Amino acid sequence: MTVARSLVTGGRVLTMDPALGELPSADVLVEDGRITAVRPGIDAPEVDERIDARGCLVLPGFVDTHRHMWQAALRGSGADQTLDQYFATVLHTQAPRLTADDLHLGNLLSALGALDAGVTTVQDISNVPKPTEEHTDALLDALTGSGLRGVFAYGHGTAQDARRVRMGRLHAGDGLVTMALNAEAGSDETIRRGWALARELDLPTALHVRGGSPVSRLRRLGVLRPGTVFIHGTGMDAGELELIHDSGGALSVAPAIEMTMGHGLPPFAAARAAGLRPSLSADVEVAAAGDLFTQMRAAFQIGRFAALQGHAGPDAPLLTVREVLEFATLGGAEALGMADRIGSLTPGKQADLIVLRTDRPGVAPVYDAAAAVVTSMDRADVDTVMVAGRIAKRQGRLAYAGLPGLLARAQEMRDRLAR
């Protein structure tokens, strides 16, 4: 539930705000879903909820800029698959067997799994093949009912259905769940139609790009526009990444999947050289964990390995843990056009924050807070999660009453699909 006033007290606060920095011990005051103060010794005797964060880290919720959430219904079933095998098995064989109820279950599992891991915002790249209106509504019901902040990137359906959602359920641009368009490639005419629909509905766009000159093609077709999230960006030359930057676009990197499925080397050094700050994403839960601790760890390891081994070009700088933590927080907010609302613990922004415990033997002692988050922590260290002032996880337990029934449904679905 959302409480009118809450106070997070005594934590080591990583604001991710360059002006505020890291505070060794401070309080965070939340009023009507927004952060109103971040400083030591806040005097607020009449708060509705007081969260003791002494000995903990307090930071913004993580932002996942690219996840196919419905695939949590098939979680872990494709861990050994290459990208081509994933297309053949998950998208072309398994997806058509899923009912609207299955898709609802997948989206809800993914959303709750995200919250459990401190991910407070996800862009759901909804790539269900040929969704019906029933499918679309089931996906949206799960997303809006979960308490997660989300961007529903509609894809693979009809323009009529996209208009229905935009004019109806997701007409507002400032709600907890907003809309984008998953504008994938195809023929020149298909691309023009898709991007024209995005302009008509006043929606940001997202699309997958790998190799070649896909961004130059969009420019040639006259559809390239600011606010586009380009996903992966592996195998693209410097000019293409620079064009993303110059067009006002953003880059979403899924390092774990890109390495295990064969997309190519995650372009962290090339993105930095092009002036881009990447964001991070879990991509597909059929083959990777749905938390950003995994992605931060993968980004840090892959980025440094590529630079140290010369794969990232001559004199490529080494990634730091602080940069990687920025990818997962403020970088994600910037990519989604939400940096004025989330991504840092800045007074005036919405209260999307997490409290991480540091008293487990795998974490303590903490010398460098950013290093602890990126290299040592996992979802078990997430004590408290708040989204727009609403408590989604408290003292290590999700605040979702229907969780036992949901997990039972997941087992039943797995048994049915296995048969």
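Just so it is clear, the structure is predicted and the values come from calculations on it, not from any experiment. Atoms considered below: every heavy atom in the structure, side chains included; atoms not considered: hydrogens, waters and symmetry mates.
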Applying salt bridge (charged side-chain N to carboxylate O under 4.0 Å, His left out), name anything that partners Asp161, two or more places apart in sequence or on another chain.
Arg164
Whether His92 side chain and Thr89 backbone form a donor-acceptor pair below 3.5 Å:
no
From Leu292, Ile342, Val119, residue fulfilling side-chain contact (heavy atoms from CB on, under 4.5 Å) relative to Val63:
Ile342
So, using side-chain contact (heavy atoms from CB on, under 4.5 Å) as the criterion, who are the partners of Thr99 when residues are at least two apart?
Asp101, Asp102
May I ask you to test the Phe62-Thr329 pair for a side-chain heavy-atom distance under 4.5 Å?
yes
Gln71 versus Leu91: any side-chain heavy-atom pair under 4.5 Å?
yes
Decide yes or no for Met261 and Asp283: does some side-chain heavy atom of the first lie under 4.5 Å from some side-chain heavy atom of the second?
no
For residues 248-256, please give each side-chain donor-acceptor pair under 3.5 Å, one per line with the distance, not counting sequence neighbours.
unit_1	atom_1	unit_2	atom_2	d
Ser252	OG	Thr65	OG1	2.7
Ser252	OG	Ser281	OG	3.4

Looking at side-chain heavy atoms only, is the closest gap between Ser6 and Val47 below 4.5 Å?
no
Residue pair Met167, Leu201: steps toward the side chain to side chain contact (heavy atoms under 4.5 Å, CB included) verdict:
CA-CA 8 Å; Met167 298 300 108; Leu201 301 180; 4.0 Å; yes
Residues pairing under ring pair (Phe, Tyr, Trp, His ring centres under 6.0 Å) where one sits in residues 386-419, two or more places apart or in two chains, turn out to be none
How long is the gap from CG on Leu98 to CG on Leu103, to the nearest 0.5 Å?
5.5 Å
Between Val209 and His232, which heavy-atom pair has the shortest distance, and what is it?
O-CB, 3.6 Å
Have Gln94 and Arg97 got a donor and an acceptor in their side chains that come within less than 3.5 Å?
no
Compare every heavy atom of Leu353 with every heavy atom of Val28, then report the nearest pair and how far apart it is.
CG1-CD2, 4.1 Å
Salt bridge (charged side-chain N to carboxylate O under 4.0 Å, His left out) involving Arg322 - partner list, sequence neighbours excluded
Glu326
Considering only heavy atoms from C-beta outward, does the side chain of Met377 approach that of Leu57 to under 4.5 Å?
yes
Leu403 side, atom CG; Arg397 side, atom CZ - distance, nearest 0.5 Å
8.5 Å
Taking the six-membered ring for Trp, are Phe305 and His311 parallel (under 30°), tilted (30 to 60°) or perpendicular (over 60°)?
tilted
Is the closest side-chain heavy-atom distance between Thr15 and Ser344 below 4.5 Å?
no
Please test Arg409 against His104 for side chain to side chain contact (heavy atoms under 4.5 Å, CB included), starting from the C-alpha separation and ending with a verdict.
CA-CA 11 Å; Arg409 283 176 55 206; His104 178 276; 4.0 Å; yes
For Met386, which of Ile354, Thr120, Ile51 qualifies under side-chain contact (heavy atoms from CB on, under 4.5 Å)?
Ile51
Would one find more than 12 heavy atoms of other residues, nucleotides or ligands at under 6.0 Å from atom CD of Glu134?
no
Got more than 12 heavy atoms from elsewhere within 6.0 Å of CG, Asp415?
yes
If you take all heavy atoms of Pro131 and Tyr154, which pair is closest and at what distance?
CG-OH, 4.3 Å
Within the distance-only criterion (no hydrogens, no angle test), does the side chain of Asn107 pair as donor or acceptor with the backbone N or O of Trp70 below 3.5 angstrom?
yes
For the pair Val177 and Arg169, evaluate side chain to side chain contact (heavy atoms under 4.5 Å, CB included) and give the outcome as yes or no after the intermediate values.
CA-CA 9 Å; Val177 177; Arg169 300 182 64 170; over 6 Å; no
Taking the side chain as everything from C-beta on, heavy atoms only, tell me whether Val38 gets closer than 4.5 Å to Asp17.
no
Indicate yes or no for a side-chain donor-acceptor contact from Ser146 to the backbone of Leu143 under 3.5 Å, with no hydrogens or angles considered.
yes
Nearest heavy-atom neighbours spanning Gln81 and Tyr86:
OE1-CA, 3.2 Å
Determine yes or no for a side-chain-to-main-chain donor-acceptor pair under 3.5 angstrom, with Asp124 supplying the side chain and Met69 the backbone.
yes
Residue set satisfying salt bridge (charged side-chain N to carboxylate O under 4.0 Å, His left out) with Glu285, at least two apart, ordered chain then number -> Arg67, Arg75
Say you draw a straight line from OG1 of Thr36 to CZ of Arg34; how long is it, rounded to the nearest 0.5 Å?
11.0 Å
Mark yes or no for whether Thr234, through its side chain, and Leu265, through its backbone, hold a donor-acceptor pair below 3.5 Å.
no
Give me each pair satisfying salt bridge (Lys or Arg N to Asp or Glu O under 4.0 Å) with a member in residues 238-267, each pair once, sequence neighbours excluded.
none
For residues 294-318, which residue pairs pass the salt bridge (Lys or Arg N to Asp or Glu O under 4.0 Å) check, not counting sequence neighbours?
none
How many angstroms lie between atom CZ of Arg272 and atom CZ of Arg277, to the nearest 0.5 angstrom?
11.5 Å
Find out whether Pro347 and Leu20 are in side-chain contact, i.e. whether some heavy atom of one side chain is under 4.5 Å from a heavy atom of the other.
yes
Only counting residues at least two apart or in another chain, list the ones meeting ring pair (Phe, Tyr, Trp, His ring centres under 6.0 Å) with Phe230.
none
Approximate separation, where rounding is to 0.5 Å, of Leu109 CG and Asp116 CG
11.5 Å
How many angstroms lie between atom CG of Leu29 and atom CZ of Arg39, to the nearest 0.5 angstrom?
8.0 Å
Considering non-hydrogen atoms only, spot the tightest contact between Pro96 and Thr93 and give its length.
CD-O, 3.5 Å
Quick one: closest heavy-atom pair of Val8 and Val355, and the distance?
CG1-CG2, 4.2 Å
For Val165 and Thr136, run side chain to side chain contact (heavy atoms under 4.5 Å, CB included): C-alpha distance rounded to whole Å, both residues' side-chain angles, the deciding distance at 0.1 Å, then the answer.
CA-CA 9 Å; Val165 174; Thr136 300; 3.6 Å; yes
Does anything in residues 344-362 pair up under salt bridge (Lys or Arg N to Asp or Glu O under 4.0 Å), and if so which pairs, sequence neighbours excluded?
Arg149-Asp352, Arg357-Asp359, Arg357-Asp383, Arg360-Asp378, Arg360-Asp381
With a 6.0 Å cut-off on the ring centroids, do His68 and His208 count as close?
yes
Run the side chain to side chain donor-acceptor pair (under 3.5 Å) test against Glu46 and tell me which residues pass, sequence neighbours left out.
none
With sequence neighbours left out, write down each residue that passes salt bridge (charged side-chain N to carboxylate O under 4.0 Å, His left out) with Asp27, or none if nothing qualifies.
none
